[in-house]
Amino acid sequence: MEQLSITEKQGANYVLFEISGVMNTYTITELAEKLDETIKKSNVVVDLERIEEIDSVGVGLIMATFNDGEDCGHKFYIMNPSNTARTSLEETGFYDVFDIIHAVTEVQ
């Protein structure tokens, strides 16, 4: 069965979500709830280095969280996207809109 593992860590001015596995319709419910709740209060960093697969619903969640962050005055960062995640995001045509970072020290 496909799974999505989520590890949450607090930073000085952000919350980091280390995500691994498959981001799709069946696996993102918990992540969606956490991102929705957190982006309203803090900057969010999503580490996508260990994402094996991401479907349109997963991409939609990333885009929605980015937009919610802008509405709330918080930044949404994507850290180290895997080749799969990068390709899925590039296919939207919005990849360059996202703040892509390589380390949490880049969070502003």
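Computed over heavy atoms, backbone and side chain alike; hydrogens, waters and symmetry mates excluded. Numbers here are sequence positions counted from 1. Everything quoted here is computed from the prediction, not taken from an experiment.
Minimum interatomic distance between L16 and M79 (heavy atoms only, all atoms of both residues): CD1-CE, 3.9 Å. Pairing each heavy atom of S88 with each of V59, the nearest pair is CB-CG2, 3.9 Å. Shortest non-hydrogen contact noted between L4 and G21 is CD1-C, 4.3 Å. Smallest separation of non-hydrogen atoms from I51 and T84: O-CB, 4.2 Å. Annotation for I6 and K34: closest pair CG2-CD, 4.3 Å, computed over non-hydrogen atoms. Scanning both residues, I39 and C72, for their nearest heavy atoms gives O-CB, 4.0 Å.
Checking side-chain atoms of S5 against main-chain N and O of I19 turns up no donor-acceptor pair under 3.5 Å. The backbone N or O of I78 lies less than 3.5 Å from no partner atom in the side chain of D47, so there is not a single donor-acceptor pair. A donor-acceptor pair is defined here as one N or O able to donate and one able to accept, closer than 3.5 Å; such a pair exists between the side chain of E106 and the backbone of A103.
The cluster map of Ile, Leu, Val, Met, Phe, Trp and Tyr, joined by side-chain heavy atoms under 4.5 Å apart, puts V44 and L61 in the same cluster. L89 and V57 fall within a single hydrophobic cluster, where Ile, Leu, Val, Met, Phe, Trp and Tyr are joined by side-chain heavy atoms under 4.5 Å apart, directly or via other members. There is no path of hydrophobic side-chain contacts, each under 4.5 Å, that joins Y26 to L31. Linking Ile, Leu, Val, Met, Phe, Trp and Tyr residues whenever their side-chain heavy atoms come within less than 4.5 Å leaves V45 and I28 in two separate clusters. Note on Y77 and Y95: separate hydrophobic clusters, where clusters join Ile, Leu, Val, Met, Phe, Trp and Tyr whose side-chain heavy atoms are under 4.5 Å apart, directly or indirectly.
For the pair H102 and N80, the minimum side-chain heavy-atom distance is below 4.5 Å. Looking at V46 and F76, their side chains come closer than 4.5 Å, going by heavy atoms from C-beta outward.
Atom CG of residue N24 and atom CD of residue E52 lie 11.0 Å apart, to the nearest 0.5 angstrom. Atom-to-atom distance recorded for I54:CD1 and T87:OG1 is 11.0 Å, nearest 0.5 angstrom. Distance check, rounded to the nearest 0.5 Å: OG1 of T65 to CD of E70 gives 12.0 Å. One distance of note links NZ of K75 with CG of N43; it measures 8.5 Å at 0.5 Å rounding. Once rounded to the nearest 0.5 Å, the distance linking OG of S42 with CD of E37 reads 11.5 Å.
When ring centroids are compared, F66 and F98 come within the 6.0 Å threshold.
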Q: Evaluate the criterion side-chain contact (heavy atoms from CB on, under 4.5 Å) for residue pair L35 and I62; output intermediate values, then yes/no.
A: CA-CA 9 Å; L35 291 177; I62 288 171; 5.9 Å; no
Q) Please walk me through it: do T92 and M63 pass side-chain contact (heavy atoms from CB on, under 4.5 Å)? A) CA-CA 10 Å; T92 67; M63 294 181 74; 4.2 Å; yes
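More than 12 heavy atoms of other residues, nucleotides or ligands shown are found within 6.0 angstrom of CG on D71.
Screening M23, E18, R86 for a side chain to side chain contact (heavy atoms under 4.5 Å, CB included) involving L48 leaves a single residue, M23.
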